[in-house]
Amino acid sequence: MSIKEEKLKEDFIDLISHEMRTPLTTIQWTLEYFLGGFTGEISPLQRDYLKMAEKDSRRLGVIIDDLIDIYRIQSAKINLKKEKTDILRLINDCILMMKGDLELKRITVVKRASTYLPYAYIDQQSISDALIKLLDNAIKFSCTGKEIRVSAAAADRITISVEDYGCGIDPKMLPRIFKKFEQLTRIIGPGRQGIGLGLSIAKALVELNGGEIKIESKKGEGTKASIAIPLLKNSEGGRT
Ligand SMILES: Nc1ncnc2c1ncn2[C@@H]1O[C@H](COP(=O)(O)OP(=O)(O)O)[C@@H](O)[C@H]1O
Ligand SMILES: [Mg+2]
């Protein structure tokens with residue numbers, strides 16, 4: 001990449017993060033403030049309008065965050081802080097973050113893990129971001145009231161799997177899902193309404209951590225997305 005192109009890319013990240021992300025955060029706080037009743041009581045009609053604005057501002061936030069992520073990845077601007085990680089804790093934290101969407105679709109998460117699970121050696125933020133994207137898809141493409149299985153198992157790496165019983169993916173389409181801006185199905189309802197960047201970001205983040213991402217699916221039956229990440233070795237400052 002030429003210096004000029006590099007500079008253009010940096011200006012673009014600056015533009016979306018400062019000129020778009022920051023004002024949007026102020027808008028979101030303001031809406032939350034009104035909805036939380038901190039400015040006095042609001043009528044049901046006002047609540048409906050505010051909720052609509054809140055939903056759309058959240059959608060815009062997802063798009064902006066995804067764009068920032070993809071540009072940070074492309075210009076190698078992600079600083080990884082690899083550390084000893086308790087994977088079950090990371091999984092629980094991610095599930096907790098999806099609580100709102102899970103409740104809206106009445107989806108139960110069934111967790112399974114090997115009795116003895118060693119520590120992983122990863123950058124927690126980026127692996128959490130990747131796992132959230134998988135959970136988000138599993139929720140988005142499942143029907144209301146279904147179950148999602150999240151499991152963790154260890155061999156030469158730790159594999160975290162998110163399995164849903166949703167619409168599944170056509171085998172012919174599977175090779176396309178990690179491509180940028182690729183959306184095979186658009187679902188309106190709870191979940192992050194992205195622009196088809198979710199899986200390409202997840203793949204890049206997992207690979208930056210020395211891991212691997214895989215998706216298996218059967219149309220009409222469901223999808224299993226797995227990420228395999230490195231284990232902590234003795235030389236990396238902890239017991240395995
Ligand atoms: N669990 C899943 N079940 C069914 N289809 C899926 C699943 N995960 C991903 N897909 C398909 O792959 C596409 C790309 O996913 P993603 O990159 O996360 O984009 P987005 O979530 O913005 O649609 C989705 O639009 C969908 O068609
Ligand atoms: Mg997605």
Side-chain angles (χ1 to χ4, degrees), residues 59 62-63 65-66 69-70 73 87-88 90-114 117 120 122 126-155 157-209 211-229:
R59 166 153 163 72
V62 167
I63 295 175
D65 290 344
D66 280 0
D69 275 355
I70 210 85
I73 289 164
I87 280 302
L88 289 184
L90 183 139
I91 292 176
N92 283 334
D93 289 348
C94 289
I95 294 173
L96 205 61
M97 277 191 258
M98 302 308 285
K99 197 166 169 262
D101 289 337
L102 286 165
E103 281 175 1
L104 274 173
K105 280 191 89 168
R106 285 184 281 110
I107 288 177
T108 347
V109 179
V110 179
K111 284 181 276 181
R112 285 214 185 131
S114 325
L117 208 60
I122 49 159
S126 51
I127 294 298
S128 297
D129 287 350
L131 185 56
I132 294 273
K133 299 222 181 283
L134 301 188
L135 288 168
D136 174 63
N137 283 345
I139 298 169
K140 200 156 62 174
F141 296 103
S142 287
C143 297
T144 306
K146 286 269 183 170
E147 193 175 89
I148 287 176
R149 290 189 186 194
V150 181
S151 54
R157 293 189 287 187
I158 296 183
T159 303
I160 309 171
S161 303
V162 178
E163 200 170 355
D164 67 64
Y165 304 94
C167 59
I169 305 168
D170 189 326
K172 287 200 293 285
M173 300 298 187
L174 258 182
R176 283 172 41 189
I177 55 169
F178 290 110
K179 292 217 172 95
K180 283 187 216 88
F181 301 108
E182 194 71 71
Q183 279 186 319
L184 315 175
T185 335
R186 278 189 72 73
I187 300 270
I188 306 300
R192 299 160 45 103
Q193 299 298 324
I195 45 172
L197 286 176
L199 285 178
S200 41
I201 293 172
K203 182 175 193 298
L205 293 177
V206 170
E207 287 174 358
L208 278 172
N209 276 275
E212 212 182 324
I213 190 164
K214 195 170 77 179
I215 300 209
E216 300 153 271
S217 187
K218 272 206 179 132
K219 184 111 188 93
E221 288 183 29
T223 304
K224 184 176 180 181
S226 315
I227 55 183
I229 45 176

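From a predicted model like this one, the values you see are computed outputs, not experimental measurements.
- When side chains are defined from C-beta on, Lys111 counts as touching Ile95, because their heavy atoms get closer than 4.5 Å.
- Atom CD1 of residue Ile160 and atom CD1 of residue Ile91 lie 4.5 Å apart, to the nearest 0.5 angstrom.
- Within the 4.5 Å cutoff, the side chain of Leu135 has no heavy atoms near those of the Val109 side chain.
- Residues Ile215 and Phe178 have side chains in contact (heavy-atom distance under 4.5 Å, counting atoms from C-beta outward).
- Summarising the geometry, atom CE belonging to Met173 is positioned 12.5 Å from atom OG belonging to Ser217; distances are rounded to the nearest 0.5 Å.
- Between Ile229 and Ile87 the shortest side-chain heavy-atom distance falls below 4.5 Å.
- Annotation: the span from Leu131 atom CG to Leu90 atom CG amounts to 6.5 Å, rounded to 0.5 Å.
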Residues 143-151 side chain polar contacts: donor-acceptor under 3.5 Å, at least two apart:
| residue | atom | partner | partner atom | Å |
| --- | --- | --- | --- | --- |
| Glu147 | OE1 | Arg149 | NE | 3.2 |
| Glu147 | OE1 | Arg149 | NH2 | 3.2 |
| Arg149 | NE | Tyr165 | OH | 3.4 |

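- Using modelled atom types, one finds no donor on one side chain facing an acceptor on the other under 3.5 Å when comparing Asp93 with Ser128.
- Checked by atom type and distance alone, the side chain of Lys105 pairs as donor or acceptor with a backbone atom of Ile139 at under 3.5 Å.
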Item to check | Test log, rule side chain to side chain contact (heavy atoms under 4.5 Å, CB included), inputs Glu216 and Lys214 | outcome: CA-CA 7 Å; Glu216 300 153 271; Lys214 195 170 77 179; 3.8 Å; yes
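- Other residues, nucleotides and ligands contribute at most 12 non-hydrogen atoms within 6.0 Å of the NZ atom of Lys180.
- The OG1 atom of Thr223 sits 8.0 Å away from atom CD1 of Ile177, with the distance rounded to the nearest 0.5 Å.
- Taking the charged nitrogens against the carboxylate oxygens, Asp164 and Lys140 have no contact shorter than 4.0 Å, which rules out a salt bridge.
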- Task: Given side chain to side chain contact (heavy atoms under 4.5 Å, CB included), test Ser126 with Leu208 step by step and report yes or no.
- Result: CA-CA 9 Å; Ser126 51; Leu208 278 172; over 6 Å; no
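- Summarising the geometry of Pro175 relative to Pro171, their closest heavy-atom pair is CD-O, 3.5 Å, with the distance given to 0.1 Å.
- Proximity of Asn209 to Ile227: side-chain heavy atoms (C-beta onward) are nowhere separated by under 4.5 Å.
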Can I get a per-line list of side-chain donor-acceptor pairs under 3.5 Å for residues 197-207, giving both atom names and the distance, sequence neighbours left out?
| residue | atom | partner | partner atom | Å |
| --- | --- | --- | --- | --- |
| Ser200 | OG | Leu197 | O | 3.0 |
| Lys203 | NZ | Glu207 | OE2 | 2.8 |

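- Between the NZ atom in Lys133 and the CD1 atom in Ile213 there is a gap of 11.0 Å [rounded to 0.5 Å].
- One distance of note links CG of Asp136 with CG of Leu102; it measures 10.0 Å at 0.5 Å rounding.
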